[in-house]
A.B. asks: 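There's a structure below that I have some questions on.
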Amino acid sequence: MKKMFKFTGAMLLAVGMLAGCAGEKSGGSGEGDGKRITLYSPETPDFTKELAKKYEEVNGGNVDVHYAGTNVLVNQMLAEKENPKADVWYGGGGILPFEAAVDRGILASYIPDFAADWDITENGIKLKHEDGKYVGVEIFVLGFSYNPELVSEEEAPKTWEDLLDPKWEGKIQFPNPAASGTATLMVMDQMMRQGEDKAWEYFEKLVEQANSTPDSGSAPTKAVAMGEAHIGIGFDFMAYEQKAKGETVDFIVPDKTPVLVNPATLIEGAPNAEGGKKFIDFLLSKEAQQIMADWYHIPINPEVESKTPLSIDKVKEVAVDLDIDWVNENYDRVRNEWKDKFQ
């Protein structure tokens, strides 16, 4: 990934995030240009607060972060389309919500100099939008959490097909694809690899293996940590965050699996577009990337080391090549078909 990791000048700076759904000011030094940066983010509040504080330490000024679920924030941005309130949208469980928003007129084009030489897609991982509508700032991997007190690393599933082994009957949890983007990604990946008919056959069997399919994308990992399931499907950072808290959980990267960037984007008509650009620059800087790594996300800046066993070099070999156009065209249909078949 040579182009991806090419530095193009001095390390970039910009802004950070977080608060409550109604918006919560993060107090800074006040030494910036006096214009507030407004960030919309569904990422963990304490995590985004830390990013906001670091931006203010480095750059001065103030960052207002508004926290809510991804769908809530997208609907809010659509409602505010004629009079935008946000400058930046960061995070949402990967690129799919951003791709779905591209044609809705709420995303501006901006790619930081840091990412200017990246290819659009490398090793099956789409790093940025072809028209600059978003840029990846970290890496998420879809895979399996497991409870080491209940399952040894040797016997834990290593492929998606392994989940159908009769020994896992009643011992698996995965999110509900009708409610969770994480699980919708899982379904669409199987469809692209096997074809729709075989994929539906696969999920008919997988549903029989599950003891629960909660709406939350992180719930299966938490259930594994509590011993309520042996295996849970989710993103890597969910397991490593729990493990760092002392919970009994670890993570398996399947042989072939979706690997996604988690992006940031500038909002079309942003009230403080220049501040928004600085914020996106900052997200790729060493300071911000170190915070991401400290929260067990896989950093995209090569100068920052992952705090998990995973890195871009390790996971790019297992990344499947997702047909993003097909995903965009079929996302809602697949979720509705899941409802019809399984609910």
Side-chain angles (χ1 to χ4, degrees), residues 4 12-19 23 35-44 47-48 51-52 55 63-116 118-121 125-140 181 185 260-285 288-289 292 297 299-301 322 324-325 327-328 331:
M4 179 177 175
L12 306 162
L13 301 175
V15 75
M17 22 182 150
L18 198 322
K35 291 191 71 176
R36 250 180 243 293
I37 298 168
T38 300
L39 172 74
Y40 284 4
S41 178
E43 300 299 324
T44 306
F47 163 61
T48 47
L51 283 169
Y55 174 82
V63 181
D64 286 341
V65 190
H66 295 245
Y67 170 80
T70 302
N71 290 339
V72 172
L73 289 175
V74 170
N75 288 335
Q76 186 172 345
M77 287 183 279
L78 289 169
E80 296 169 350
K81 188 174 175 180
E82 300 305 316
N83 185 25
K85 302 293 190 295
D87 299 305
V88 176
W89 167 24
Y90 159 56
I95 65 174
L96 298 191
F98 290 78
E99 284 283 343
V102 164
D103 293 329
R104 308 188 79 174
I106 58 175
L107 310 185
S109 295
Y110 178 68
I111 297 294
D113 289 345
F114 187 94
W118 295 358
D119 288 339
I120 301 299
T121 301
I125 307 171
K126 188 170 183 180
L127 303 175
K128 60 184 180 181
H129 188 261
E130 50 270 28
D131 295 324
K133 297 294 186 179
Y134 63 76
V135 62
V137 298
E138 58 195 336
I139 300 288
F140 290 165
L185 172 65
L260 302 175
V261 295
N262 198 34
T265 183
L266 185 70
I267 301 304
E268 183 67 38
N272 185 4
E274 289 307 308
K277 291 175 182 179
K278 290 179 181 179
F279 168 72
I280 296 173
D281 292 347
F282 168 75
L283 289 178
L284 290 168
S285 72
Q289 293 276 301
M292 293 176 194
H297 299 191
I300 209 166
N301 184 325
L322 297 173
I324 299 299
D325 290 336
V327 170
N328 288 336
Y331 191 83

A.B. asks: Between Asp281 and Pro112 (side chain of the first, backbone of the second, donor and acceptor by atom type, cut-off under 3.5 Å), is there such a pair?
C.D. replies: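 No; zero donor-acceptor contacts below 3.5 Å.
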A.B. asks: Can you list the steps and then say if His129 with Val102 is a side chain to side chain contact (heavy atoms under 4.5 Å, CB included)?
C.D. replies: CA-CA 9 Å; His129 188 261; Val102 164; 3.7 Å; yes
A.B. asks: Look only at the side chain of Lys133 and the backbone of Lys128, and say whether a donor-acceptor pair between them is shorter than 3.5 Å.
C.D. replies: no
A.B. asks: Indicate yes or no: at least one non-hydrogen side-chain atom of Tyr67 is less than 4.5 angstrom from one of Leu73.
C.D. replies: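 Answer no - side chains too far apart.
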A.B. asks: So which heavy atom on Ala108 is nearest to which on Thr265, and how close?
C.D. replies: O-OG1, 3.9 Å
A.B. asks: Under the side chain to side chain donor-acceptor pair (under 3.5 Å) test, which residues partner Gln289, sequence neighbours left out?
C.D. replies: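 So Gln289 forms no side chain to side chain donor-acceptor pair (under 3.5 Å) with any residue.
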A.B. asks: Determine which pairs satisfy salt bridge (Lys or Arg N to Asp or Glu O under 4.0 Å) with at least one residue from residues 87-98, sequence neighbours left out, and list them in order.
C.D. replies: none
A.B. asks: Excluding sequence neighbours, so at least two apart, what forms side chain to side chain donor-acceptor pair (under 3.5 Å) with Asn328?
C.D. replies: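 Asn328 satisfies side chain to side chain donor-acceptor pair (under 3.5 Å) with Glu99 only.
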A.B. asks: So which heavy atom on Ile95 is nearest to which on Pro263, and how close?
C.D. replies: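 Taking every non-hydrogen atom into account, CG2-CG, 3.7 Å.
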A.B. asks: Is any side-chain heavy atom of Leu78 closer than 4.5 Å to one of Asn75?
C.D. replies: yes
A.B. asks: Look up atom CG in Asp119 and atom CD in Glu130, then write down how far apart they are to the nearest 0.5 Å.
C.D. replies: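 Those atoms lie 13.0 Å apart.
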A.B. asks: Evaluate the side-chain proximity of Leu96 to Leu185: yes if any heavy-atom separation is below 4.5 Å, no if none is.
C.D. replies: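 When only atoms from C-beta onward are counted, Leu96 and Leu185 do touch, with a gap below 4.5 Å.
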A.B. asks: Applying ring-ring contact (aromatic ring centres under 6.0 Å, His included), name anything that partners Phe140, two or more places apart in sequence or on another chain.
C.D. replies: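 For Phe140 the ring-ring contact (aromatic ring centres under 6.0 Å, His included) partners, ignoring immediate neighbours, are Phe235, Phe237, His297.
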A.B. asks: Return the set of residues passing side chain to side chain contact (heavy atoms under 4.5 Å, CB included) with Ala101 (not counting sequence neighbours), or none when no residue passes.
C.D. replies: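 Here the qualifying residues are Trp89, Ile106, Leu107.
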A.B. asks: Only pairs at least two apart or in different chains count here, so list each salt bridge (Lys or Arg N to Asp or Glu O under 4.0 Å) that has a residue in residues 77-86.
C.D. replies: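 Salt bridge (Lys or Arg N to Asp or Glu O under 4.0 Å) check on residues 77-86 returns no pairs.
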A.B. asks: Taking all heavy atoms of Ser285 and all of Phe282, pick out the closest pair and write down the distance.
C.D. replies: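 Shortest heavy-atom contact: OG-O, 2.6 Å.
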A.B. asks: Does the side chain to side chain contact (heavy atoms under 4.5 Å, CB included) test come out yes or no for Tyr110 and Val88, once each step is laid out?
C.D. replies: CA-CA 11 Å; Tyr110 178 68; Val88 176; over 6 Å; no
A.B. asks: Do Lys126 and Ile324 make a side-chain contact, defined as non-hydrogen atoms from C-beta onward lying under 4.5 Å apart?
C.D. replies: yes
A.B. asks: Will you find, in the side chains of Asp64 and Tyr40, an N or O donor that is under 3.5 Å from an N or O acceptor?
C.D. replies: no
A.B. asks: To the nearest 0.5 Å, what is the distance between CG on Asp113 and NZ on Lys277?
C.D. replies: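 Answer rounded to 0.5 Å: 11.0 Å.
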A.B. asks: When you measure from the side chain of Glu43 to the backbone of Gly92, do you find a donor-acceptor pair of N or O atoms at a distance under 3.5 Å?
C.D. replies: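 It does hold such a pair.
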A.B. asks: Please determine whether side chain to side chain contact (heavy atoms under 4.5 Å, CB included) holds for the pair His66 and Leu39, giving the CA-CA distance in whole Å, both sets of side-chain angles, and the decisive distance to 0.1 Å.
C.D. replies: CA-CA 6 Å; His66 295 245; Leu39 172 74; over 6 Å; no
A.B. asks: Any heavy-atom pair between the side chains of Leu322 and Ile125 that's under 4.5 Å?
C.D. replies: no
A.B. asks: With side chains defined as the heavy atoms from C-beta onward, is the minimum distance between Ile111 and Val135 less than 4.5 Å?
C.D. replies: yes
A.B. asks: Is Asn262 close to Ile139 at the side-chain level, that is, under 4.5 Å between some pair of heavy atoms?
C.D. replies: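 No. Closest side-chain heavy atoms not under 4.5 Å.
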A.B. asks: Give me the atom names and distance for the closest heavy-atom approach of Gly69 to Pro42.
C.D. replies: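 The answer is C-CB, 4.1 Å.
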A.B. asks: Hey, could you give me the OG/CZ distance between Ser41 and Phe47, rounded to the nearest 0.5 Å?
C.D. replies: 7.5 Å
A.B. asks: For the residue pair Leu284 and Ala115, what are the closest heavy atoms and their distance?
C.D. replies: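 Shortest heavy-atom separation between Leu284 and Ala115 comes out as CD1-CB, 4.4 Å.
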A.B. asks: Which residues pass the side chain to side chain contact (heavy atoms under 4.5 Å, CB included) test with Ala264, not counting sequence neighbours?
C.D. replies: Tyr90, Val137, Ile280, Leu283
